[in-house]
Amino acid sequence: MTMDLLSVLCYCLVTYVIVQFVRFLRADADFTLLWAEYFGNKPEDKLFKKVIWITGASSGIGEELAYQLAKLGASLVLSARREAELQRVKQNCLDHSKLQEKDILVLLLDLTESSSHEVATKSVIQHFGKIDILVNNAGRSQRSLFLDTNLDVYRAIMQLNFFGTVSLTKCVLPYMIKQENGQIVTVSSLAGLVAAPVSTGYASSKHAVQGFFNSLRPELASYPGIIISTVCPGLVHSNIVKNAFAEELYKVKAVTETSVQTCKMSTARCVRLMLVGMANELKELWISEQPILLYVYLWQYAPTLAWLVANKISVKRIKNVKSGLVSYSSWMRRKCLNFAARSLLMLHYSES
């Protein structure tokens with residue numbers, strides 16, 4: 001009788017592990033974020049009427065953030081360098097939401113011009129009286145081999161992705177401390193957590209962003225109303241690759257039609273998960289389709305294995321870059337599926 005009960009328990013345990021493993025292979029975010037999506041606070045309840053400042057709002061994730069937040073009834077500050085594009089985004093927000101003209105402020109901003117950030121911040125405060133959430137979204141990627149890349153590219157990408165973000169945060173934070181609440185949401189990248197060959201400058205800037213905000217968070221422990229959240233997306237449909245830095249500062253990476261990457265998440269889905277994380281005040285969000293998500297978990301829990309994977313990725317990616325391609329996701333997907341299949345077989349044999 002005891003052995004029968006033990007067998008049933010073992011069977012249930014193995015079944016549970018298999019089910020969770022299959023769920024993981026279908027996941028597009030970390031477990032905490034997915035739990036919050038199903039059981040946590042809803043963005044519709046938490047972000048209504050909030051004043052939210054979005055940098056990089058003229059395209060990609062920033063643009064989609066503006067649209068979804070407008071539908072939720074949040075007041076918006078839209079910032080980027082291209083006024084015409086910002087006006088287009090603003091009009092789309094007005095056309096597809098209940099917001100009025102006064103609810104959206106278009107504010108030109110160049111993150112690399114730190115001297116303008118304090119004036120911009122005062123303009124937001126003057127218009128809305130407060131800043132509930134700052135979304136540090138503006139940034140630029142890089143696709144080039146280190147040995148071929150000028151140091152000016154590294155300086156430029158750090159100035160934009162890191163120093164610009166830090167500068168604007170430094171201007172906004174005192175106002176949040178004064179009002180004793182607020183949230184700073186920074187769009188980093190999974191490249192800020194793992195190795196990203198052929199993107200050494202981009203990965204460095206995002207690792208710096210991770211280190212800065214992880215260190216800033218405990219400095220603000222005396223201000224429990226101020227939340228620091230870091231968003232780490234993987235591959236998302238946007239123009240980030242087309243606008244990426246190349247080997248020289250004023251050269252843009254040429255991308256051919258055959259380099260369109262697979263395994264990319266829709267921008268709408270990525271932003272929805274971001275809003276869930278914001279509504280639930282999560283500290284760090286991993287957002288990605290498989291197999292990139294599995295790759296990140298390997299880096300966290302099996303770094304030796306992750307280095308082996310990274311080396312294989314690097315060989316494939318360097319070959320693609322030299323031939324004018326940037327995609328390596330299809331190859332990685334096959335590796336992930338093979339790994340999953342072997343793991344399920346191991347579970348099956350251990351059960352029997």
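Values below: every heavy atom of this structure, side chains too, minus hydrogens, waters and symmetry copies.
Formation of a donor-acceptor pair under 3.5 Å by the Ser229 side chain with backbone atoms of Leu282 is found in this model. Under a 3.5 Å cut-off, the side chain of His127 and the backbone N or O of Asp103 do not form any donor-acceptor pair. Using modelled atom types, one side-chain atom of Thr267 and one backbone atom of His237 make a donor-acceptor pair closer than 3.5 Å. Checked by atom type and distance alone, the side chain of Asp152 never pairs as donor or acceptor with a backbone atom of Glu248 at under 3.5 Å. Judged by distance alone, the side chain of Gln179 and the main-chain N or O of Asn181 form a donor-acceptor pair under 3.5 Å. Within the 3.5 Å criterion, the main-chain N or O of Leu107 finds a donor-acceptor partner in the side chain of Ser79. A donor-acceptor pair under 3.5 Å is absent between the side-chain atoms of Ser314 and the main chain of Ala310, judged by distance alone. In this structure, the side chain of Gln290 engages the main chain of Leu294 through a donor-acceptor pair within 3.5 Å. A side-chain donor-acceptor contact under 3.5 Å links Asn137 to the backbone of Thr55.
In this structure, Gln87 places its CD atom where more than 12 heavy-atom neighbours from other residues, nucleotides or ligands lie under 6.0 Å away. More than 12 heavy-atom neighbours from other residues, nucleotides or ligands sit within 6.0 angstrom of NZ on Lys90. Heavy-atom contacts from other residues, nucleotides or ligands closer than 6.0 Å to NZ of Lys178 number 12 or fewer. In the displayed structure, Arg81 atom CZ is contacted under 6.0 Å by at most 12 heavy atoms of other residues, nucleotides or ligands.
Ile54 contributes atom CD1, which lies 10.5 Å from atom CG of Leu86 (distance to the nearest 0.5 angstrom). Atom OH of Tyr11 is separated from atom CG of Leu6 by 15.5 Å, given to the nearest 0.5 angstrom. Within the model, atoms SG of Cys270 and CG of Leu285 stand 9.5 Å from one another, a figure rounded to the nearest 0.5 Å. Rounded to the nearest 0.5 angstrom, Asp28 CG and Ile287 CD1 are separated by 8.5 Å. With values rounded to the nearest 0.5 angstrom, Glu180 atom CD is found 9.0 Å from Tyr223 atom OH. Rounded to the nearest 0.5 angstrom, Phe146 CZ and Tyr154 OH are separated by 5.5 Å.
Between Lys170 and Glu118 there is no salt bridge, since no side-chain nitrogen of the basic residue lies less than 4.0 Å from a carboxylate oxygen of the acidic one. The residues Arg272 and Glu44 are annotated as salt-bridged, a charged nitrogen and a carboxylate oxygen being separated by less than 4.0 angstrom. By the 4.0 Å N-to-carboxylate-O rule, Glu63 lies close enough to Arg88 to be salt-bridged with it.
Annotation: side chain of Ile133 is in contact with side chain of Leu47 (closest heavy-atom distance under 4.5 Å). Between Glu247 and Val153, every side-chain heavy-atom pair lies at or beyond the 4.5 Å cut-off. For the pair Met274 and Val187, the minimum side-chain heavy-atom distance is below 4.5 Å. Between Val276 and Pro43 there is a side-chain heavy-atom pair separated by less than 4.5 Å. Lys122 places a side-chain heavy atom less than 4.5 Å from the side chain of Tyr175. Residues Leu72 and Leu275 form a side-chain contact, since some pair of their non-hydrogen atoms from C-beta on lies under 4.5 Å apart. For the pair Glu289/Leu235, no side-chain contact is recorded, criterion being any heavy-atom separation below 4.5 Å from C-beta on. Looking at Leu168 and Trp53, their side chains come closer than 4.5 Å, going by heavy atoms from C-beta outward.
Val172 and Val119 fall into different hydrophobic clusters, defined by Ile, Leu, Val, Met, Phe, Trp and Tyr side-chain heavy atoms under 4.5 Å apart, directly or through other members. Under the 4.5 Å side-chain heavy-atom criterion for ILVMFWY residues, no single connected hydrophobic cluster contains both Val194 and Val315. Linking Ile, Leu, Val, Met, Phe, Trp and Tyr whenever their side-chain heavy atoms come within less than 4.5 Å puts Val296 and Tyr301 in one cluster. A continuous path of hydrophobic side-chain contacts links Leu99 to Val135 [ILVMFWY only; heavy atoms under 4.5 Å]. Linking ILVMFWY side-chain heavy atoms closer than 4.5 Å, directly or via other members, places Ile227 and Leu65 in two distinct hydrophobic clusters.
Of the N and O atoms on the side chains of Asn92 and Tyr67, at least one donor lies less than 3.5 Å from an acceptor on the other residue. For the residue pair Glu85 / Ser59, no side-chain donor-acceptor distance below 3.5 Å is found, with atom types taken as modelled. A donor-acceptor contact closer than 3.5 angstrom links the side chains of Gln210 and Ser188.
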Between Asn136 and Phe213, is a side-chain contact (heavy atoms from CB on, under 4.5 Å) present by the stated rule, with each step listed? CA-CA 12 Å; Asn136 290 311; Phe213 283 102; 4.0 Å; yes
From CA spacing to verdict: side-chain contact (heavy atoms from CB on, under 4.5 Å), Leu220, Leu173: CA-CA 10 Å; Leu220 299 174; Leu173 189 56; 4.1 Å; yes
Verdict with supporting geometry, Trp286 and Leu293, side-chain contact (heavy atoms from CB on, under 4.5 Å): CA-CA 8 Å; Trp286 300 354; Leu293 189 62; 4.2 Å; yes
Between Gln142 and Thr200, does a side-chain contact (heavy atoms from CB on, under 4.5 Å) hold up when you go through it step by step? CA-CA 8 Å; Gln142 173 240 345; Thr200 50; 4.1 Å; yes
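What you find for Asp110 and Ser116 is that their closest heavy atoms are O-OG, 4.1 Å. Taking both residues in full, the closest heavy atoms of Gly234 and Leu190 are given as CA-CD1, 3.7 Å, listed atom of the first, atom of the second, then distance. Considering every non-hydrogen atom in both Ala195 and Tyr295, the closest pair reads O-OH, 3.5 Å. Taking each heavy atom of His117 and Gly164 in turn, the nearest pair found is CE1-O, 3.8 Å. Residues Met278 and Val185 approach most closely at CG-CG2, 3.8 Å, considering heavy atoms. Residues Ala138 and Leu111 come closest through the heavy atom pair CB-CD1, 3.6 Å.
A tilted orientation is assigned to the rings of Phe31 and Tyr297, their planes being inclined by 30° to 60°.
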